[in-house]
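Here is the structure we will look at.
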Amino acid sequence: MTLPDTEGPSPTGTTEVEQSTEAEQLIDVEQFIELSVTLTGFNAAELMGTAMAGVYHAWVCQQVDPGLCTELIGASADGCAELDEGPVRELARSICHLWYLGVWPCPDGQEHPTAPTVISGRAYAQGLVWRSFGGHAPGAGTPGYGSWAEPPAETSGGEER
Amino acid sequence: MTASEHFDVIVVGAGVAGSLIARSLGDRGWRVLVLEAGRGDGAGAPAVDVERFRSALVKVPSAAIAANPLAASPDVLDLRGDPGGGYHADGYLLQNGRLPYASGYLRVNGGTGTAWTGLTPRMHPEDFDTETFGYGRNWPIDYAVLEPHYRAAELEFGVAADVAEQRDLVSLPLPDGYAFPHSPVPASHLDRVVAGALDGHGVQDPFATRSTELRVVGTPQARNTTSTEAHGPVCEGSASCIPVCPTGAKYTPGRTQARWSPSVALVTRAVVGRIMPDAVGRIRGVEYQRYDDPASPAGVIRCTADADIVVLAAHAIENARLLLASGLANSSDQVGRNLMDHPVLLTWGLLPEPIGPYRGPGSTSGLEGFRFGPVRGARAPFRIEIGNWGWNWAVGAPDVEVRALLRDAGPTLPGGGGRRGLLGTALRHAVGNRIGRQFALQFEMEQCADPMNRVTLAPGQFDLLGSPRPLLTYDLSDHVKAGIVAAKSVSDQIFALLGAEDHSRYEPGPFQPGWFEFEGRPYAYRGAGHGAGTHIMGNSPATSVVDSWQRCWDHPNLFAVGCGSMPSLGTSNPTLTMAAITLRSAERIHRDLTALNGPIRLSARGPYRNPRIGKENDNA
């Protein structure tokens, strides 16, 4: 079994971010990963294993007001279940959406709605949604001949926080 | 306009049928020009690209090909249901029927054959003879005539199936000693779970007098189960057969094209607009337009090509459009009529335990007990596919499920997210638990030929190249609707045996353009992408467009091949049958060419090399 393909150039029409922004200096990638662990229910090793943390960190810093990010980090310091409805919880949902599907959604209540953005084919392939039930992204891996005849992989995980 | 070039045969369309015709005639030494409207000449970026699929927001059957305004591909996203029922169609296909024709097709080198699932059940002998059951139109040929051509098609496709199973459980007559080219594709874990719960149990079809015994049966498919020189690599379970197999284990026309003889020339980005007859009704050739860049209509060049025989292989709807636009082959008034598809009722739910959806080929097994027998007189017969890809077709999961769990998890889910939705480990567990238990059943209805379901030319509506656009008028008969009623009843009983929660919902609105009510209950159907019937085959020029060789009655050197010729589809995915009738037609075309030209000597004729066309032909 091979892991989903993570090689290859970024396709045209998608949007991997490279430039460092001011916001990135306010919230560093470690803080972003720590926040993402709380929000997604996947541990840091699992998130790092996708090799998407840097891209998502840069993307979120570019898209979102740094003050709101800082507020979310503060509000979720003791867990995220009780986050109140509002822009902070909406940002939490967007970050989960990004990690699970590789897509930045159009957040609810936004003044000028935009279409959801597929970050890249690589982001789709690394979506946490597939791991949540022991699968892989269609068209992005080669699990092997006859692999579909086996029971699904064990999906336990997310307890070790 | 450039000067015409002369070929033995012009084939319009490089999909499954066109590629097979070109292969067969090229192998016999004939000079064949294949004109393909879409892109994909092997140079530059691939026309069908797995990376394009991965980065597409919506993973529809057209997601792997680039948009092409000069040769638009009808897309399922072109259709939207209206809030109170009804639909509107915004794409290339215009529609004015009571219900929508709900399928697309691809205009790209390889055609819809690049994006097909690859399922290849044969039609059953009784499927060719539905008039016996009081409906539909009979074929002018029967199963026995087609049988050797079925074998030839199965060899070309590299079909994987179990002979004993097809003989005993589908009652298909297969010759003694016959073996499919590949051993059967392993049943999915889902198939095994379903078989464990269903096999041997009876369900009551509301239209039948006795109960029907359930039995999960492997589905023949054009997918390699061993790596072979003839058919290529083995299936690696990438689970994206629609729209693109990244491995090359699924048959696509590219595999046939790679074996074309040097006497076959392919020209892509060549859109045929008109077929040219002479004064006595023989076909001289075709007019077509060539483009380099679909974004630059100004750079289009008008061309003509001449041939002894012209073969239309451009898809049922495109073939009809070309014949209508050319004013040809229509003394029967049947061109464009009898448009058929397989309307599909989807049912979807959650099983008690995780089964691992989104793995392997789209479907590996089905239930065959509702396809045959006298009950088909009372309701459309149907074949049940067990869907391996969760609710992908039904609701567009898993995106929909993730969005729902983030916002409104409902009171019954673990984690207690309530109306605010879930985050953290509760989200992870809920996503895994819900999506991991998803499954779907796909009930594919036979739809019989009805002259009122038809393709016409939309008055005053032209595409960017100036050709008239197709206008579809489509509806479901009560016979089909009765099949859908029976299917839902059978589904309910199957879900009960599986202990599955039924999440099927049929509601008017944007995502269910095929919504309708029948006998007071709501239903919705999808299109299987099996467009057919528009140049129907028959045994009389008064009532059909083509003869059993797919040769137009009105024009002895014009053939219209593909699903458009089929008088009925049965409940089988039609590509294999289309390939079988097309391979049979290739023999007729060869004989007709021989009669026109006298026998040819392969060595004397040699490869045809035209400097302008040769550079387009990667296989030359």
Side-chain angles (χ1 to χ4, degrees), chain A residues 5 8 11 13-14 38-42 76 79-81 83-85 89 92-93 96-97 100-101 103 105 108 115-125 127-153 155 157-159 161, chain B residues 49-57 59 64 185-192 225 234-240 243-244 246-247 354-361 364 388-389 392 398-399 401-403 406-407 415-417 420-429 431-437:
Chain A
D5 172 25
T14 59
T38 306
L39 296 180
T40 63
F42 283 77
S76 58
C80 56
L83 283 179
D84 287 333
E85 199 57 64
R89 188 167 185 107
R93 288 185 182 122
C96 283
H97 199 281
Y100 272 76
L101 299 168
V103 174
D108 272 11
T117 308
V118 182
I119 300 299
S120 64
R122 202 159 65 90
Y124 155 77
L128 299 179
V129 63
W130 311 106
R131 291 162 194 236
S132 75
F133 60 90
H136 68 279
T142 52
Y145 176 70
S147 54
W148 55 89
E150 304 297 325
T155 57
E159 272 84 29
R161 288 187 43 240
Chain B
D49 184 1
V50 67
E51 183 50 47
R52 192 177 288 118
F53 163 75
R54 288 178 195 147
S55 50
L57 184 59
K59 312 284 195 226
V185 171
S188 67
H189 177 66
L190 171 62
D191 295 337
R192 292 161 208 251
T225 58
V234 70
C235 175
E236 297 274 10
S238 294
S240 63
V244 53
T247 313
I355 43 79
Y358 295 93
R359 297 189 302 158
T364 35
N388 286 333
W389 295 347
N392 187 52
D399 311 43
E401 198 71 5
V402 171
R403 272 200 298 275
L406 279 169
R407 289 189 186 281
R420 281 186 311 187
L422 301 173
L423 291 169
T425 50
L427 174 69
R428 177 179 185 165
H429 290 144
V431 169
N433 179 273
R434 296 268 300 185
I435 300 177
R437 294 187 291 129

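Chain A is the first sequence line, chain B the second, and so forth, proteins listed ahead of strands; every chain is numbered from 1. Just so you know, these numbers use all the heavy atoms, side chains as well, and skip hydrogens, waters and symmetry mates.
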Please classify the contact between [X] and chain A as side chain, backbone, both or neither, with a heavy-atom cut-off of under 4.5 Å.
{"X": "B/Ile355", "value": "backbone"}
{"X": "B/Val431", "value": "both"}
{"X": "B/Thr225", "value": "both"}

### Message
Below 30° counts as parallel, above 60° as perpendicular, anything between as tilted: where do the rings of A/Phe133 and B/Tyr358 land?
### Response
tilted
At a heavy-atom distance under 4.5 Å, which candidate from [options] has the highest pair count against chain B?
{"options": "A/Ser147, A/Cys96, A/Pro138", "value": "A/Pro138"}
{"options": "A/Cys80, A/Gly146, A/Ala92", "value": "A/Cys80"}
{"options": "A/Ser76, A/Gly127, A/Pro151, A/Pro116", "value": "A/Pro151"}

Bottom line for A/Leu128: the part with an atom under 4.5 Å from chain B's heavy atoms is neither
When the 4.5 angstrom heavy-atom criterion is applied to A/Tyr145 and chain B, the contacting part is both
*asked:* For the CZ atom of A/Arg131 and the NE2 atom of A/His136, what is their distance to the nearest 0.5 Å?
replied: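 Output value for this atom pair is 12.0 Å.
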Report task. Decide yes or no for A/Leu83 and B/Arg420: does some side-chain heavy atom of the first lie under 4.5 Å from some side-chain heavy atom of the second? Result -> no
Check the pair A/Val103 / A/His97 against side-chain contact (heavy atoms from CB on, under 4.5 Å), numbers first and verdict last.
CA-CA 6 Å; A/Val103 174; A/His97 199 281; 4.1 Å; yes
Pair count under 4.5 Å, heavy atoms only, with chain A: among B/Gly356, B/Ala187, B/Cys235, B/Ala56, highest is B/Cys235
Answer key: most heavy-atom pairs under 4.5 Å with chain A among B/Pro243, B/Pro246, B/Gly237 is B/Gly237
| said: Go through it in stages, so that I can follow the logic: the residues are A/Trp148 and B/Val185, the test is side-chain contact (heavy atoms from CB on, under 4.5 Å), and I'd like the CA-CA distance, side-chain angles, deciding distance and then a yes or no. | reply: CA-CA 10 Å; A/Trp148 55 89; B/Val185 171; 3.8 Å; yes
Going through the distances and angles, do B/Leu406 and B/Leu422 end up as a side-chain contact (heavy atoms from CB on, under 4.5 Å)? CA-CA 5 Å; B/Leu406 279 169; B/Leu422 301 173; over 6 Å; no
For A/Tyr100 and B/Arg428, run side-chain contact (heavy atoms from CB on, under 4.5 Å): C-alpha distance rounded to whole Å, both residues' side-chain angles, the deciding distance at 0.1 Å, then the answer.
CA-CA 9 Å; A/Tyr100 272 76; B/Arg428 177 179 185 165; 3.5 Å; yes
